[in-house]
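Before any comments, here is the structure.
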There are 2 protein chains.
Amino acid sequence: MTVSTLTAPESEDALDLLETGFKQSGMLTLVGRCEVDYEGRATSHLPPGDRLVILKSDGTLLVHRDEQRTPVNWQPPGCTHTACLDDDRLIVESTRTTPHEEVTITFDTLDQVSLVELDDASDLSLEGSEEDLRQRILADPDVLEAGFQPQMTERETAAGAVDIYGKDADDTPTIVELKRRRVGPDAAGQLNRYVDALERDLSAERTVRGILVAPSVTQRAEELLTTEGLEFVSLSPETADSAHSTRLTDFETDR
Amino acid sequence: MTVSTLTAPESEDALDLLETGFKQSGMLTLVGRCEVDYEGRATSHLPPGDRLVILKSDGTLLVHRDEQRTPVNWQPPGCTHTACLDDDRLIVESTRTTPHEEVTITFDTLDQVSLVELDDASDLSLEGSEEDLRQRILADPDVLEAGFQPQMTERETAAGAVDIYGKDADDTPTIVELKRRRVGPDAAGQLNRYVDALERDLSAERTVRGILVAPSVTQRAEELLTTEGLEFVSLSPETADSAHSTRLTDFETDR
DNA sequence: GTCTATATCTCGAAC
DNA sequence: GTTCGAGGTATAGAC
């Protein structure tokens, strides 16, 4: 790895390093007092202040303040970065098309500019995703409900693809919607759309069961499930926890 | 603004600067070869590679690769950062509670460590949000539909708060759901939940109209609107376009 | 390219 | 604290 750093550089020297970085496809970081203008999907203006600006080799731009996880301004990968001088002030621009978006950063002062080459061939491995929850149910369908038989994942309906489609112990068509964390009304509405669509698709008076699988539900989501005749089963992506399932209509008798 | 930078430092010197930064509540940046472990809402492991690590004074942690807009690992504001040495390797930890989450970064090599104080009192101003679309309709309800009368924003129903509630020219209760950009099935489902809930709330055979306002809709969302008896009106947050087209004649007669 | 849904989403506001 | 919905969401997968 190589690091080239300028401390409190003149604009001209900063520009040189930036243009070197654009050619070498390295990552550039700038610290200084700047103002930021954005125009594209929306429009924004950020008055002068101290920020950390990051220009990645893939065309990503990040402008970070000393607070928040989210950058105050940014540009997604694929953008074209350019830099120039205007009356001795360094100006960095990032543009893209489809949609047209443009971020302009005007520096009053520069405290540090660095060019870094980052070698990174590793991939992140992550556990606890919705996919893990799917695998858990497919590996042992009984954790969902005794006698459940998965038949398809991503089964298409007029309203979209269903996470798991199968039949219950009574051979009733069953739609399973998976969420890795506690769910609100949106997930209940999503499942409801799938059930409605599949009942139309099957064009029969046959009932389709809809089961929402998540660690837990909010009160309002639970009400929605009840009024729509949908069900809930508590399951987490982690295999550690055991399945504790409850049908909403049976709440009172269960407890 | 003050910047203190160490280039290819020994672990001990890096640790000193980190602890200075933790006390001063400045922003710390580290560049080096490291591996990252995360445990909390999910679990992840990132094998060794070169990355840029940012520790903000508000407790935010960011681990950035040379690609992507999203950090490969992170911690939200409010976390506690600590650093220590293990067999001459620098280890940075970030923890929080509720929920318990922990990120551990183990550095093989350090190429640069910086401590920066960022003064930034400015606020971002942004135009083109859903709020702008709301203001546009409230300022001139006719852009939605001739005779529409807004009565409440954020009107509560059993399914949640409605963006704009009002009456149309025939005094029919009308729910307006606003989106600043092209919408998919989720927005149609959201509007549908509100309409269903309000019809139950009013407990009458009275029909409630539901109008989705957005620049455009996807095909599937349009189908959903149709089957649910909902409507769509094309409007954007920007006042420039349509105020121009729709109201120009009125403006002229007004003046 | 568009569409659809997930995400350790983040963030703010309301209760 | 939880809940809910917006976001210039970003990102991946499918078509």
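Throughout, a chain's letter reflects where its sequence line sits, starting with A, and its residues are numbered from 1.
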With a 4.0 Å cut-off on heavy atoms, is A:Glu177 in touch with a base, just the backbone sugar-phosphate, or nothing at all? sugar-phosphate
Checking all strands, does A:Thr43 fall into the base, sugar-phosphate, or nothing category for heavy-atom contacts under 4.0 angstrom? nothing
Check whether any side-chain nitrogen or oxygen of A:Trp74 sits under 4.0 Å from OP1 or OP2 of D:dA10, and answer yes or no. yes
Determine: side-chain N/O of A:Arg180 to OP1/OP2 of C:dC9, distance under 4.0 Å, yes or no. yes
Within the structure shown, what part of the strands sits under 4.0 Å from B:Pro77 by heavy-atom distance: base, sugar-phosphate, or nothing? sugar-phosphate
Measure the distance from CZ on A:Arg193 to P on C:dA5 and round it to the nearest whole Å. 6 Å
D:dG5 base to A:Asp186 side chain: any donor-acceptor pair below 3.5 Å? no
Looking at A:Asp66 and B:Lys56, is there a salt bridge between them, counting it only when a charged N and a carboxylate O are closer than 4.0 Å? no
Measure distances between side-chain N and O atoms of B:Gln190 and base N and O atoms of D:dG5, and say whether any donor-acceptor pair falls under 3.5 Å. no
Going by the side-chain contact (heavy atoms from CB on, under 4.5 Å) test, name the single residue among B:Asp163, B:Val217, B:Val233, B:Leu230 that passes it with B:Leu212. B:Val217
Within the structure, does a side-chain N or O atom of B:Tyr194 lie under 4.0 Å from either OP1 or OP2 of D:dG5? yes
Hey, does the side chain of A:Thr70 come within less than 4.0 Å of D:dG7's phosphate (OP1/OP2), counting only N and O? no
How many whole angstroms separate atom NZ of A:Lys179 from atom C1' of C:dT4? 11 Å
Among the nucleotides C:dG1, D:dA6, C:dT6, which one has an atom lying closest to any side-chain atom of A:Asp163? C:dT6
How long is the line joining CG of A:Leu124 and P of C:dC9, in whole Å? 14 Å
Please work out if B:Ala159 contacts a base, only the sugar-phosphate, or nothing of the nucleic acid, heavy-atom cut-off 4.0 Å. sugar-phosphate
Looking only at C:dA7, C:dT4, D:dT11, the nucleotide nearest the B:Arg69 side chain is D:dT11
Does a donor on one side chain and an acceptor on the other come within less than 3.5 Å for B:Glu154 and B:Tyr165? no
Sorted by position of nearest nucleotide on DNA chain C, 5' first, the leading residue of A:Thr98 and A:Ser129 is A:Thr98
Could you tell me the separation between the CD atom of B:Glu101 and the C1' atom of C:dT10, rounded to a whole number of Å? 12 Å
One should read off an interatomic distance between B:Phe107 CZ and B:Leu30 CG, to the nearest 0.5 angstrom, of 4.5 Å
Ranking D:dT9, C:dA7, C:dC3 by distance to the side chain of B:Arg182, first place goes to C:dC3
Considering every strand and a 4.0 Å limit on heavy-atom distances, what is the contact class for B:Arg181: base, sugar-phosphate, or nothing? base
Starting at CD of A:Glu131 and ending at P of D:dG13, how long is that distance when rounded to a whole Å? 10 Å
Once you apply a heavy-atom cut-off of 4.0 Å, does B:Pro185 come out as touching a base, just sugar-phosphate, or nothing? sugar-phosphate
Is A:Glu177 salt-bridged to A:Lys179, cutoff N-O under 4.0 Å? yes
What is the distance, rounded to the nearest whole Å, between atom CD of A:Gln75 and atom P of D:dT11? 12 Å
Among the nucleotides C:dT4, D:dG7, C:dT8, whichever has the atom closest to the side chain of B:Arg220 is C:dT4
When all nucleic acid strands are considered with a 4.0 Å heavy-atom cut-off, which category describes A:Ser44: base, sugar-phosphate, or nothing? nothing
Would you mind reading off the distance between B:Asn73 atom CG and C:dA7 atom C1', rounded to a whole angstrom? 14 Å
Can you tell whether the side chains of A:Glu231 and A:Arg209 come within less than 4.0 Å, N to carboxylate O? yes
Interatomic distance at P, D:dG8 relative to C:dT4, whole Å: 22 Å
Nearest-angstrom distance from the residue atom CG of B:Leu133 to P of D:dG8: 14 Å
Determine: side-chain N/O of B:Thr218 to OP1/OP2 of C:dT4, distance under 4.0 Å, yes or no. yes
Counting the atoms with a prime plus P, OP1 and OP2 as sugar-phosphate, which does B:Gln68 contact under 4.0 Å by heavy atoms, base, sugar-phosphate, or nothing? sugar-phosphate
Carboxylate-amine/guanidinium proximity below 4.0 Å for B:Arg220 and B:Glu223: no
